[in-house]
Amino acid sequence: QVQLVESGGGLVQAGGSLRLSCLASGRTFSNSAMAWFRQAPGKEREFVAAINWSGLSTGYADSVRGRFTISRDNAKNTVYLQMNNLKPEDTAVYYCAASGRHFQPINIMIYDYDYWGQGTQVTVSS
């Protein structure tokens with residue numbers, strides 16, 4: 001059974017940092033693109049960042065570019081999201097996602113990802 005488990009969320013003041021982790025189990029995703037999405041209360045789920053299978057290609061939403069960094073450790077089947085200079089508008093549930101296909105470029109659409117975690121809450125206070 002494939003599982004994606006996020007961790008690292010919490011409450012932080014504006015300007016602070018958090019590092020999210022997503023551990024995959026049940027299969028290897030070392031050949032698959034992975035991504036982070038987020039969903040704030042009353043809003044649709046939105047793309048945050050994505051990384052291709054090798055880690056050499058990344059993409060970011062305009063709202064987080066320059067503040068967030070996505071990375072992966074294929075040996076650990078884990079993807080990370082380093083979030084710096086957090087703002088109150090970053091408050092959301094953050095979801096890890098993985099593609100079921102191999103060697104695909106990064107994508108920003110929800111339907112491009114086949115596996116999802118349960119999410120981890122990030123709250124940024126002003």
Identified side chain to side chain donor-acceptor pair (under 3.5 Å) counterpart of R67 within the set D90, N84, N85: D90

Could you check whether any side-chain heavy atom of Y80 comes within less than 4.5 Å of a side-chain heavy atom of R19, counting everything from C-beta outward? yes

S99 vs D114, side-chain contact (heavy atoms from CB on, under 4.5 Å): CA-CA, chis, key distance, verdict: CA-CA 5 Å; S99 170; D114 305 288; 4.0 Å; yes

Say whether V122 and L81 are linked into one hydrophobic cluster, either directly or through other cluster members, by side-chain heavy-atom distances under 4.5 angstrom. yes

Closest approach of C96 to E6 (non-hydrogen atoms, all atoms of both residues): N-OE2, 2.8 Å

What are the two closest non-hydrogen atoms of G119 and V93, and how far apart are they? CA-CG1, 3.8 Å

Minimum heavy-atom separation for N107 and F47, please, with both atom names. O-CE1, 3.8 Å

How close do I51 and T58 get, counting heavy atoms only, and between which atoms? CG1-CG2, 3.8 Å

With rounding to the nearest 0.5 angstrom, report the OG to CD distance, S126 to Q13. 9.5 Å

Backbone N/O of N52 and side chain of R72: donor-acceptor pair under 3.5 Å: yes

Minimal heavy-atom distance between I108 and F37, with the atoms involved, is O-CE2, 3.6 Å

For residues M83 and V12, determine if any side-chain heavy atom of one lies less than 4.5 Å from a side-chain heavy atom of the other. no

When rounded to the nearest 0.5 Å, the distance separating CD of Q121 from CG of L11 is 9.5 Å

Would you sort out whether F29 and L4 count as a side-chain contact (heavy atoms from CB on, under 4.5 Å), showing the intermediate values? CA-CA 10 Å; F29 288 99; L4 301 178; 4.0 Å; yes

Is the ring pair F68/Y94 parallel, tilted or perpendicular, if the boundaries are 30 and 60 degrees? tilted

Under the side-chain contact (heavy atoms from CB on, under 4.5 Å) criterion, do Y60 and T69 qualify, and how do the steps go? CA-CA 8 Å; Y60 298 91; T69 302; 3.8 Å; yes

Keeping T78 on the side-chain end and K76 on the backbone end, is there a donor-acceptor pair under 3.5 Å? yes

Enter the distance from I110:CD1 to Q39:CD here, rounded to the nearest 0.5 Å. 7.5 Å

Salt bridge or not for R65 and D62, using N-O below 4.0 Å? yes

Euclidean distance, W36 CH2 relative to E46 CD, rounded to 0.5 Å: 14.5 Å

Note: Y95 and G117 closest approach over all heavy atoms is CD2-O, 3.6 Å

Can you tell me if Q118 has over 12 outside heavy atoms packed within less than 6.0 Å of its CD? no

Value for CE (M34) from OH (Y113), rounded to nearest 0.5 Å, stands at 9.5 Å

Donor-acceptor contact below 3.5 Å, side chain S32 vs main chain R101: yes

For residues M109 and Y115: do they belong to one hydrophobic cluster (side chain heavy atoms under 4.5 Å, members Ile, Leu, Val, Met, Phe, Trp, Tyr)? no

Straight-line distance of L20 CG to C22 SG, nearest 0.5 Å: 9.5 Å

Should V79 and I70 be marked as a side-chain contact (heavy atoms from CB on, under 4.5 Å) after you check the CA-CA gap, both sets of side-chain angles, and the distance that decides it? CA-CA 7 Å; V79 66; I70 189 171; 3.9 Å; yes

Taking N74 for its side chain and N77 for its backbone only, find out whether a donor-acceptor pair lies under 3.5 Å. no

